[in-house]
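See structure below.
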Amino acid sequence: MDNPSGIFLCSGVSWGDDGPELSLTGRTGTPSTLPLETDVRLGFRVISGSGKRYCLGHYKVTDHCSREHFTCPDHSLAERGYQCGPCFARDDLRYMHDIHRSGIAPEGLKKYLAQPHWLYVATFGNGATKIGTASDLRKWGRLAEQGAIVARYVALARDGRIVRVLEDAVTADVGLQQAVRSAAKVASLASPRALKELVAINADAAASVRTMLASSVDLDGFDVVDEQWEAPPPVAFVLETPGLQVYPQVDGGDHGFLIQAVVGSTAMVRLDGTETDFLVDLSCLKGLLIEPGEFSSTVPDVQELLF
């Protein structure tokens with residue numbers, strides 16, 4: 001990592017062809033990553049003051065497969081979400097979720113949205129189920145980043161505008177939410193429902209969506225599909241591991257652990273001095289300044305975590 005200060009701004013967990021990694025940016029704007037591989041130790045110290053999250057900059061989208069990230073020039077604190085006001089105003093991606101209603105977006109983003117997009121139904125460890133979208137390029141990885149346990153693709157749309165119209169229609173008619181909180185995803189892995197139940201819940205929800213799309217949506221440019229998403233191997237491993245405990249939030253202090261598996265942004269880890277496996281919500285690091293290194297965690301009192 002080319003960053004003499006050793007301090008990085010974390011932008012969260014991303015999934016690529018090689019699996020999950022922690023995305024970092026040096027103070028000079030140099031991007032880096034920390035692979036979240038099995039049996040690899042992850043240690044870091046959170047530098048940001050209590051409650052302070054920093055702007056993650058903005059993106060310029062060129063076409064269907066190219067985008068450029070720009071670091072916040074002033075290293076400002078985030079004002080809305082994970083951006084300061086000026087970076088939010090410059091960000092091409094801010095038009096993403098409203099273009100199907102407004103028709104307004106920069107040309108590069110319009111080119112990105114012109115590619116085929118998938119509509120999916122995803123189910124998480126506690127049975128919570130959502131509707132969501134993924135570009136053709138991110139068809140598999142989007143669901144891996146979401147931390148889905150079971151998922152099905154229910155429609156293939158000609159472009160990103162059409163798929164978002166479908167997504168809103170499913171929420172209005174079938175009642176499926178469009179987001180599940182990261183804390184709920186972590187907690188659901190500590191006490192998951194049986195995989196057979198989750199498969200059934202997902203299949204029923206997907207069937208309802210396909211029926212609604214086929215009978216109630218008067219819109220050209222999409223096909224109803226029924227395709228299973230293939231979950232990464234760590235999903236089954238985490239579901240089959242008993243006695244998992246939720247680790248305290250990692251938004252301050254020193255932390256260090258051995259990674260056992262990663263589901264979405266949740267890492268199953270082993271701490272020094274204990275045989276208990278913990279679930280760490282790494283999404284809590286988004287927008288924080290961290291210093292990677294040989295740091296260690298204080299072992300939480302498991303009895304306290306139970307209450």
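Nearest approach of A206 to R152, heavy atoms of both residues: CB-CD, 3.9 Å. Looking at every heavy atom in both residues, G256 comes nearest to L271 through O-CG, 4.5 Å. Between A190 and L279, the closest heavy-atom pair is N-CD1, 3.4 Å.
A donor-acceptor pair shorter than 3.5 Å cannot be found between the side chains of E167 and T133. Between the side chains of K130 and Y120, at least one donor N or O sits under 3.5 Å from an acceptor N or O. Side-chain atoms of D281 and Q249 include no donor-acceptor pair closer than 3.5 Å. When only modelled atom types and interatomic distance are considered, S23 and T33 share no side-chain donor-acceptor pair under 3.5 Å.
By the neighbour-count criterion of 12 heavy atoms within 6.0 Å, atom NZ of K111 is sparsely surrounded, having that number or fewer from other residues, nucleotides or ligands. Within 6.0 Å of CD on Q177 lie more than 12 heavy atoms contributed by other residues, nucleotides or ligands.
A continuous path of hydrophobic side-chain contacts links L36 to F44 [ILVMFWY only; heavy atoms under 4.5 Å]. L258 and V269 are assigned to two separate hydrophobic clusters, defined by single-linkage of ILVMFWY side chains at heavy-atom distances under 4.5 Å. Note on L198 and V186: same hydrophobic cluster, where clusters join Ile, Leu, Val, Met, Phe, Trp and Tyr whose side-chain heavy atoms are under 4.5 Å apart, directly or indirectly.
The backbone N or O of D204 sits less than 3.5 Å from a side-chain atom of S208, completing a donor-acceptor pair. Looking only at distances, a side-chain donor or acceptor of D92 sits under 3.5 Å from a matching main-chain atom of V61. Proximity of a side-chain donor or acceptor of D159 to a complementary backbone N or O of L113 within less than 3.5 Å is not detected. Of the possible donor and acceptor atoms, one in the side chain of W140 sits under 3.5 Å from a partner among the backbone N and O of E230. For S66 (side chain) and T62 (main-chain N/O), no donor-acceptor pair under 3.5 Å exists by modelled atom type. Not one N or O on the side chain of Q245 forms a donor-acceptor pair closer than 3.5 Å with the backbone of D277. Judged by distance alone, with hydrogens and angles left aside, the side-chain atoms of H69 form a donor-acceptor pair with the main-chain N or O of L56 at under 3.5 Å. A distance-only check finds a donor-acceptor pair linking the side chain of Q83 to the backbone of G57 [under 3.5 Å].
Taking the centre and axis of the six-membered ring of F278, the NZ or CZ atom of R270 falls outside the cone set by 45° and 6.0 Å. Annotation: cation-pi pair R67/Y112 present, NZ/CZ under 6.0 Å from the ring centroid and within 45° of its normal. Geometric assessment of R90 against the ring of F70 yields a negative cation-pi assignment under the 6.0 Å and 45° thresholds. Cation-pi contact between K286 and Y82: present, with separation from the ring centre below 6.0 Å and deviation from the ring axis of at most 45°.
Between R142 atom CZ and D136 atom CG the span is 15.0 Å, to the nearest 0.5 Å. Once rounded to the nearest 0.5 Å, the distance linking CG of D173 with OG1 of T211 reads 12.5 Å. Atom NE2 of H117 is separated from atom CD1 of I162 by 11.0 Å, given to the nearest 0.5 angstrom.
The shortest distance between side-chain heavy atoms of R41 and D272 falls below 4.5 Å. Inter-residue side-chain proximity for F222 and V224 is flagged as met; some heavy-atom pair is nearer than 4.5 Å. With contacts defined as side-chain heavy-atom distances shorter than 4.5 Å, the pair V280/V246 does not qualify. Contact check for L195 versus V150: side-chain heavy atoms found under the 4.5 Å cut-off. Looking at L219 and L166, their side chains come closer than 4.5 Å, going by heavy atoms from C-beta outward. Between M268 and T241 there is a side-chain heavy-atom pair separated by less than 4.5 Å. Using a 4.5 Å heavy-atom threshold, the side chains of W118 and V225 count as touching. Under the 4.5 Å side-chain criterion, counting only non-hydrogen atoms from C-beta, T30 is not in contact with T25.
You'll find the ring centres of Y247 and F257 inside the 6.0 Å limit.
In terms of the side chain to side chain donor-acceptor pair (under 3.5 Å) criterion, S265 has no residue partners (sequence neighbours excluded).
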Exercise. Report the C-alpha distance between L189 and V263 in whole Å, list the side-chain angles of each, state the deciding distance to 0.1 Å, and finish with yes or no for side chain to side chain contact (heavy atoms under 4.5 Å, CB included).
Key: CA-CA 9 Å; L189 291 174; V263 175; 4.1 Å; yes
Quiz item: Would V154 and D226 count as a side chain to side chain contact (heavy atoms under 4.5 Å, CB included) if you check the C-alpha gap in whole Å, the side-chain angles of each, and the deciding distance to 0.1 Å?
Solution: CA-CA 5 Å; V154 291; D226 183 4; over 6 Å; no
Exercise. May I have the step-by-step check of side chain to side chain contact (heavy atoms under 4.5 Å, CB included) for L156 and V163, ending in yes or no?
Key: CA-CA 8 Å; L156 175 58; V163 83; over 6 Å; no
Practice problem: Using the side chain to side chain contact (heavy atoms under 4.5 Å, CB included) rule, take L34 and L24 through it: C-alpha gap first, then chi angles, then the decisive distance, then the call. | Solution: CA-CA 8 Å; L34 283 175; L24 307 172; 3.9 Å; yes
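Salt bridge E79/R53: absent, no basic N to carboxylate O contact under 4.0 Å.
Screening I149, N126, T129 for a side-chain contact (heavy atoms from CB on, under 4.5 Å) involving I201 leaves a single residue, T129.
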